[in-house]
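Below: one structure, written as structure tokens.
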Amino acid sequence: MSGVIQGFGVIGAIVLVGYVLGRTEVLGDHGRDVLAKISFYVGTPALLLMMLSESDVRVLFSAPLLVTALSTFAAAALFVLVALWRRWNIRRTTIGALCSSYVNAGNLGIPVAVYVLGDATLVAPVMLFQLLVMTPIGLTVIDFAQAEEKTSVWSRLLAPFKNPIVICSLLGVSLSLLGWRIPGPVSEPLTLLGHLSVPTVLLAFGVSLRGSQLPAGGAERWPVLVSVGLKSFVHPVIAWAIGAGLFGMEGAPLFAAVVISALPAAQNLFVYASRYNVGVRLARESILLSTILSVPVLVTVTALLG
């Protein structure tokens, strides 16, 4: 588990730097927004373009990933059902559903896959699934809901294709399917820009913690508690039930599916919330609490199934 602890340590250290920057006001009043926009418009699109163009998208068609996909959709659907009952708006519900199901496959998923599962490639299909399916669906719903408030049907249809993350994801997949590689003079600056993605997300997250209230309080209390409960406890249980009951999985494959589902909500969800100015506190507190809870959950899953 040393690698997992190290992964948490790296994330915590960068978030702490962001918090210090926020407390000292070095970045001014709009530091968080600037960092979030750099990640959304520059770092993350470049990272996705390079990652997807160099990946094998055929790994999406595998039985273990089907377990992950079904459990992901199930956890998100449960949040949507609660949101319908509570009459939360569409955009807020979308952020909450993502926080209930979208795992931190990069920052934590890779060290967990290496040190707990013994194979870093196990997390790659999950990353692709989230980048190619979950992210475009979530952002498209938010774009449609936002556009519906003030624009025409045609504008709503075009809204997702103005999103740099969706555009670069589609471009990266197209290049992968065609077998084309981005030439060195273009790929090198894109790779460098892609390295901005994760640190700017974590720094923005840290800056946002300045002056924030205790988690799971105020108007966002129930959305946060529901999303954290689904992500930390229900999602891995659903993955186990689908894997063992529906697909007859056991041993290492079942263990891997449950461990990956037990990962906390991903930090890039905070950037999406910040970019659209919806559910920012919901995303921040869901990520924070699910990350804290993932430690005992992962230890328990390892003890039971490992």
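Here the structure is a predicted model, which is why all the values come from computation and not from measurement. No hydrogens, no waters, no symmetry mates; every other heavy atom, side chains included, goes into these values.
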Residue list, side-chain hydrogen bond (donor to acceptor under 3.5 Å, both in side chains) with Thr44, at least two apart or on another chain = Ser39, Ser197

Hits for side-chain hydrogen bond (donor to acceptor under 3.5 Å, both in side chains) against Ser100, two or more places apart or cross-chain, chain-then-number order -> none

Donor-acceptor pair, side chain of [X] and main chain of [Y], under 3.5 angstrom:
| X | Y | answer |
| --- | --- | --- |
| Ser290 | Lys231 | no |
| Lys37 | Val271 | no |
| Ser71 | Thr68 | yes |
| Ser176 | Val173 | no |
| Arg91 | Tyr276 | yes |

Should Val34 and Leu27 be marked as a side-chain contact (heavy atoms from CB on, under 4.5 Å) after you check the CA-CA gap, both sets of side-chain angles, and the distance that decides it?
-> CA-CA 9 Å; Val34 172; Leu27 302 180; over 6 Å; no

Nearest non-hydrogen partners of Gly138 and Thr94, listed with the distance | O-CG2, 3.5 Å

Taking the side chain as C-beta and beyond, is there a heavy-atom pair between Leu78 and Val234 under 4.5 Å?
-> yes

Do Trp240 and Leu254 have side-chain heavy atoms sitting under 4.5 Å apart?
-> yes

Indicate the ring-plane relationship of Phe79 and Trp88, choosing parallel, tilted or perpendicular according to the 30° and 60° boundaries.
-> tilted

Rounded distance (nearest 0.5 Å) linking atom CD of Glu188 with atom CG of Leu192 = 9.5 Å

Is it true that the NZ or CZ of Arg275 lies under 6.0 Å from the centre of Phe40's six-membered ring and within 45 degrees of the ring axis?
-> yes

Step through the shown structure and confirm whether more than 12 heavy atoms of other residues, nucleotides or ligands are within 6.0 Å of CD on Glu250.
-> no

